[in-house]
Amino acid sequence: MGISIRQWRLSDAKDLAAALSNQKVLNNLRDGLPYPYTDQDAQDYIRAVLSADPDQTFAYAVCVDDKVVGCIGAFRQENIHRRTAELGYYLSEAYWGQGIMTQAVGMLCARLFSETDLLRIYAEPFASNMGSRRVLEKAGFQLEGILRSNACKNGQVLDMAMYGLTRECGDEIL
């Protein structure tokens, strides 16, 4: 199985729409994504990331044998946090539990630490999302704390887990 991250292509819209038209996937993401997620929604997203500032938005398709199975991105923060990026990702349900996202997270973090001035990458999965938390831990992220009552999703108040990876740590493990 050839796992890679690559720049988005408009031809990826159908696979992107299929992955995001799944309530189990959406339940672990932030609000704002339409359901069902259409090919047009996917095309709009792909156009947006392709036109984004390449020093601010680092968004890639996650592929298995060049078929899009998910998305990964890091987004540079502002002001005093300008050398920090927030990491986000999702994977099509059919590919959960196969180590794909752990590899994709490692690939992206290695790329960001070698090609940018970023010092820190962080992620905030829902505390109950043990799959996502395991991905981060296997990729070398450290749990920094639990953010209590930090989100409202699907009518519930949820805790989030704060994970971080710094350049010093990243250089040792990647």
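Please read all numbers here as calculations on a predicted model, not as lab measurements. The chain is numbered in sequence order, starting from 1.
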Same apolar cluster (I L V M F W Y, side chains within < 4.5 Å links), Val62/Leu10: yes
Gln23 atom CD, neighbour heavy-atom count above 12 within 6.0 Å: yes
Hydrophobic cluster identity match, Trp8 and Leu33, side-chain contacts under 4.5 Å: yes
Pair Asp159, Asn150: side-chain N/O donor-acceptor within cut-off below 3.5 Å: no
Joint hydrophobic cluster, Leu158 plus Met162, side-chain heavy atoms closer than 4.5 Å: yes
Exam field: side chain Lys153 to backbone Leu29, donor-acceptor pair closer than 3.5 Å: yes
Student check: side-chain heavy atoms of Tyr37 and Leu16 closer than 4.5 Å: yes
Distance-minimising heavy-atom pair for Gln43 and Ala13: CG-CB, 3.6 Å
Distance-only side-chain donor-acceptor flag, Gln40 / Tyr45, under 3.5 Å: no
Pairing residues for Thr57 by the side-chain contact (heavy atoms from CB on, under 4.5 Å) criterion, not counting sequence neighbours: Ala52, Ala59, Phe75
Same apolar cluster: Leu165 and Met160, side chain cutoff 4.5 Å: no
Minimal non-hydrogen separation, Phe126 against Asn27, with atom names: CE1-O, 3.6 Å
Considering all heavy atoms, the nearest Asp31-Cys152 contact: OD2-O, 3.9 Å
Interatomic distance, Thr84 atom OG1 to Leu87 atom CG [nearest 0.5 angstrom]: 13.0 Å
Check: Ser132/Tyr89 side-chain N/O donor and acceptor closer than 3.5 Å: yes
From Met107 atom CE to Ile3 atom CD1, the distance as rounded to the nearest 0.5 Å: 6.0 Å
For the student: nearest non-hydrogen atoms of Lys14 and Asp39, plus distance: CA-OD1, 3.7 Å
Pairwise side-chain contact, Val25 with Ser92, heavy-atom cut-off 4.5 Å (strictly under): no
His81 vs Tyr122 side-chain heavy atoms within contact, under 4.5 Å: no
Chi angles and distances behind the salt bridge (charged side-chain N to carboxylate O under 4.0 Å, His left out) call for Arg6, Asp12: CA-CA 11 Å; Arg6 65 161 170 76; Asp12 295 327; 2.8 Å; yes
Same apolar cluster (I L V M F W Y, side chains within < 4.5 Å links), Val135/Ile146: yes
Distance, nearest 0.5 Å, that separates CD1 of Ile100 from CD1 of Ile5: 14.0 Å
Gap separating the SG atom of Cys71 from the OH atom of Tyr90, nearest 0.5 angstrom: 4.5 Å
Residue pair Ala139 / Thr102: nearest heavy atoms and the distance that separates them: N-CG2, 4.1 Å
Straight-line distance of Asp15 CG to Leu20 CG, nearest 0.5 Å: 11.5 Å
Qualifying salt bridge (charged side-chain N to carboxylate O under 4.0 Å, His left out) pairs, either residue in residues 98-126, two or more places apart: Arg30-Glu124, Arg76-Asp117, Arg83-Asp117, Arg120-Glu144
Cys109 and Phe141, any side-chain heavy atoms less than 4.5 Å apart: yes
Considering all heavy atoms, the nearest Arg133-Leu143 contact: NH2-CD2, 3.7 Å
Ile72 vs Met101, side-chain contact (heavy atoms from CB on, under 4.5 Å): CA-CA, chis, key distance, verdict: CA-CA 9 Å; Ile72 189 166; Met101 193 52 72; 4.3 Å; yes
Pairwise side-chain contact, Leu50 with Gln7, heavy-atom cut-off 4.5 Å (strictly under): yes
Interatomic distance, Arg82 atom CZ to Leu118 atom CG [nearest 0.5 angstrom]: 12.0 Å
Fellow cluster residues of Ile80, listed by chain then number, with links counted only when side-chain atoms sit under 4.5 Å apart: none
Glu137 and Tyr163: CA distance, side-chain angles, deciding distance, side-chain contact (heavy atoms from CB on, under 4.5 Å) verdict: CA-CA 8 Å; Glu137 290 166 2; Tyr163 282 88; 2.6 Å; yes
